[in-house]
Amino acid sequence: MTFIPKPRLRHPELPTNALGFTHRDYEGAVSTLCAGCGHDSISAAIVRAFFELDMPPHRVAKLSGIGCSSKTPTYFLGSSHGFNSVHGRMPSVLTGANLANRDLIYLGVSGDGDSASIGLGQFAHVMRRGVNMVYVVENNGVYGLTKGQFSATSDKGAKSKRGLANNDEAIDLVGMALLVGASFVARGFSGDKAQLVPLLKAAIRHRGAAFIDCISPCVAFNNHAGSTKSFDYVREHNESVNRLDVIVGRDEITVDYAPGTVEEVVQHDGSTVRLRKLAADYDLHDRAATLRYLQERHAAGEIVTGLLYVDPDAEDLHAHLSTVDSPLNRLAEAELCPGRAALDRVNAALR
């Protein structure tokens, strides 16, 4: 079974966004993953995030590698651009596409096997270069396509479905993203859509390399007692660092309330947002403090979720390379080949 068409019928009163699109316009094919797979919840969160941001689906380019996670772009944003690359090579393919056409919104979807094993080097370089993208790792700590072997993100001491214990230290992709220079770093849980959707919306609007590590339990091979990436384990050990919402820029709304309290703020559309102010000692903009906090909570047996770090002044790869404003695929021959006089000036500057 490779493809199941969705019914074309739809209710005439489905809610629409500012573009007149419904949720159905942001969906893809029917999923063929295991029933209850956490990856399908992430796909649903992506659909909701783009719907609520009023993003035209045709402006999105979704890229993936190999694995259960890399199948999921088929299941969302069916009207967008898409490319399924080889194992671990999604970041370099996406980088090339981004340099050629900076006007698209780039979404890279990968898994813990695809990004933390064969693609670990590619993951590190796309983060440190600041490619303007959203990088989502659907992290289940197991090789689901090849029947349940431990992956590089499996926690030491975790048990497989067959009862074997993992003896290797885990790679923490969140910690690595912070170390190599990602300007937006978050962790979510596929079973917590209320947190995941705002994280995705914020990452989509961020300029630079935005990384979300999303714990996504594998119901076939890694959702049992002894697994540290099962639904029950993550729910019991989830330590959320913030309550999140994303507001599209309009006239400023100001509010003043004390740390630790909750404030209701009326938005431009008449809706109300309930804000909870974090403790004063958590700083989203301190990379070193975030790394330290992750280590402390990991030692306490907690999985930290939420928006962990963001650089509000981040620049992307185009700014680093001083590329032209127009996408490279739209430059004419006269712009790409400015003539002998321009070449002589370049050569003279190098003498």
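- Judged by distance alone, the side chain of R128 and the main-chain N or O of V180 form no donor-acceptor pair under 3.5 Å.
- V234 shares a hydrophobic cluster with F189, I215, V219, F231, Y233, I303; the chain of contacts runs through ILVMFWY side chains whose heavy atoms sit under 4.5 Å apart.
- No more than 12 heavy atoms of other residues, nucleotides or ligands shown are found within 6.0 angstrom of NE2 on H298.
- Remark: S240 engages Q195 in a side-chain hydrogen bond (donor to acceptor under 3.5 Å, both in side chains) (not counting sequence neighbours).
- Note on L331 and V346: separate hydrophobic clusters, where clusters join Ile, Leu, Val, Met, Phe, Trp and Tyr whose side-chain heavy atoms are under 4.5 Å apart, directly or indirectly.
- Checking side-chain atoms of D112 against main-chain N and O of T153 turns up no donor-acceptor pair under 3.5 Å.
- Sparse packing is recorded around CD of Q295, with 12 or fewer heavy atoms of other residues, nucleotides or ligands lying under 6.0 Å away.
- A donor and an acceptor atom, one from each side chain of S80 and Y26, are nowhere located under 3.5 Å apart.
- A 4.5 Å side-chain heavy-atom check between C68 and L33 finds at least one atom pair inside the cut-off.
- Other residues sharing the hydrophobic cluster of V142, ordered by chain and number and joined by side-chain separations under 4.5 Å: F221.
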Q | Audit row: D103, R330, salt bridge (charged side-chain N to carboxylate O under 4.0 Å, His left out) steps and yes/no | A | CA-CA 11 Å; D103 285 350; R330 297 181 192 170; 3.1 Å; yes
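- Side-chain contact check for K229 versus N140: every heavy-atom pair is 4.5 Å or farther apart.
- Side chains of N98 and H318: a donor on one and an acceptor on the other come within 3.5 Å.
- Each side-chain hydrogen bond (donor to acceptor under 3.5 Å, both in side chains) pair with one or both residues in residues 337-351, not counting sequence neighbours, appears once here: R340-D344.
- Residues forming a side-chain hydrogen bond (donor to acceptor under 3.5 Å, both in side chains) with R59 (at least two apart in sequence, or on another chain): none.
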I'd like a table of donor-acceptor pairs (distance under 3.5 Å, sequence neighbours excluded) in which one partner is a side-chain atom from residues 34-50, with atom names and distances.
unit_1	atom_1	unit_2	atom_2	d
H39	ND1	S216	OG	2.7
D40	OD1	S31	OG	2.8
D40	OD2	S31	OG	3.2
S43	OG	H39	O	3.3
R48	NE	E52	OE2	2.9

